[in-house]
Amino acid sequence: MNAANTSMKQSEKITQSYFAFLDKHIAEVISGEAPQFLELNQIASALFVSHAHLTATIQQTMGHHPCHFYDQKIVDAARKMLAETDKPVAEIANVLTYDPSNFSKFFKKMTGQTPGQYRSSVR
């Protein structure tokens, strides 16, 4: 096996590990097992790679910065809670460790809708 193949396999492994870690970590925050979302450098450490290497690898394999996918997965979790529960938006924000007003801005920036607009559109 040549160096390019080894490198590609390693980057695929890092990418898979990153996405698996995000799914588990976001579930832990929602369940209350984790008190808050980790920063990217903390995630990189947990995956035994440097922050720069993680960023470069995800950017190369997926075409976006790792934060893009992290934010997207948080929004996906918020969408699920908005669609499937009657929890107030402020409570969903708190579960996701956001200040409610910051959460609404974040959600609107990511989706083009406020959490309330999104909930109305899926009901």
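Side chain of S31 to backbone of E28: a donor-acceptor contact under 3.5 angstrom is found. The main-chain N or O of Q59 is never found under 3.5 Å from a side-chain atom of H65 such that the two would form a donor-acceptor pair. No side-chain donor-acceptor contact under 3.5 Å links Y18 to the backbone of I58.
Among pairs with a residue in residues 62-82, those fulfilling salt bridge (charged side-chain N to carboxylate O under 4.0 Å, His left out) read D23-K73, D76-R79, K80-E84, at least two apart in sequence or across chains. The salt bridge (charged side-chain N to carboxylate O under 4.0 Å, His left out) contacts involving residues 44-55 comprise nothing, where partners must be two or more places apart or lie in separate chains.
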#### Entry: Residues V29, Q36; criterion side-chain contact (heavy atoms from CB on, under 4.5 Å); working and verdict
CA-CA 6 Å; V29 170; Q36 63 191 31; 6.0 Å; no
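A 4.5 Å side-chain heavy-atom check between Y98 and I92 finds every atom pair outside the cut-off. Side-chain contact check for F103 versus N94: every heavy-atom pair is 4.5 Å or farther apart. Residues Q117 and V122 fail the side-chain proximity criterion, which asks for heavy atoms closer than 4.5 Å. Using a 4.5 Å cut-off on side-chain heavy atoms (C-beta onward), E91 and P88 make contact.
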Indicate every side-chain donor-acceptor pair of residues 104-112 with a distance under 3.5 Å to a residue at least two apart or in another chain.
unit_1, atom_1, unit_2, atom_2, d
S104, OG, P100, O, 3.4
T111, OG1, F107, O, 2.8
T111, OG1, Q113, N, 3.1
T111, OG1, Q113, O, 3.0

Under 3.5 Å, which donor-acceptor pairs do the side chains of residues 46-55 form with other protein atoms, sequence neighbours left out?
unit_1, atom_1, unit_2, atom_2, d
S50, OG, H53, N, 2.9
T55, OG1, H51, O, 2.9

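Take D99 and apply the salt bridge (charged side-chain N to carboxylate O under 4.0 Å, His left out) test, not counting sequence neighbours, and it matches no residue. Among residues two or more places apart in sequence or in another chain, the ring pair (Phe, Tyr, Trp, His ring centres under 6.0 Å) test is passed with F69 by F19, H64.
To the nearest 0.5 Å, atom OG1 of residue T57 and atom CD1 of residue I14 are 4.5 Å apart.
With respect to D86 and R123, a salt bridge is recorded, a charged nitrogen being found less than 4.0 Å from a carboxylate O.
A donor-acceptor contact closer than 3.5 angstrom is absent between the side chains of T61 and S11.
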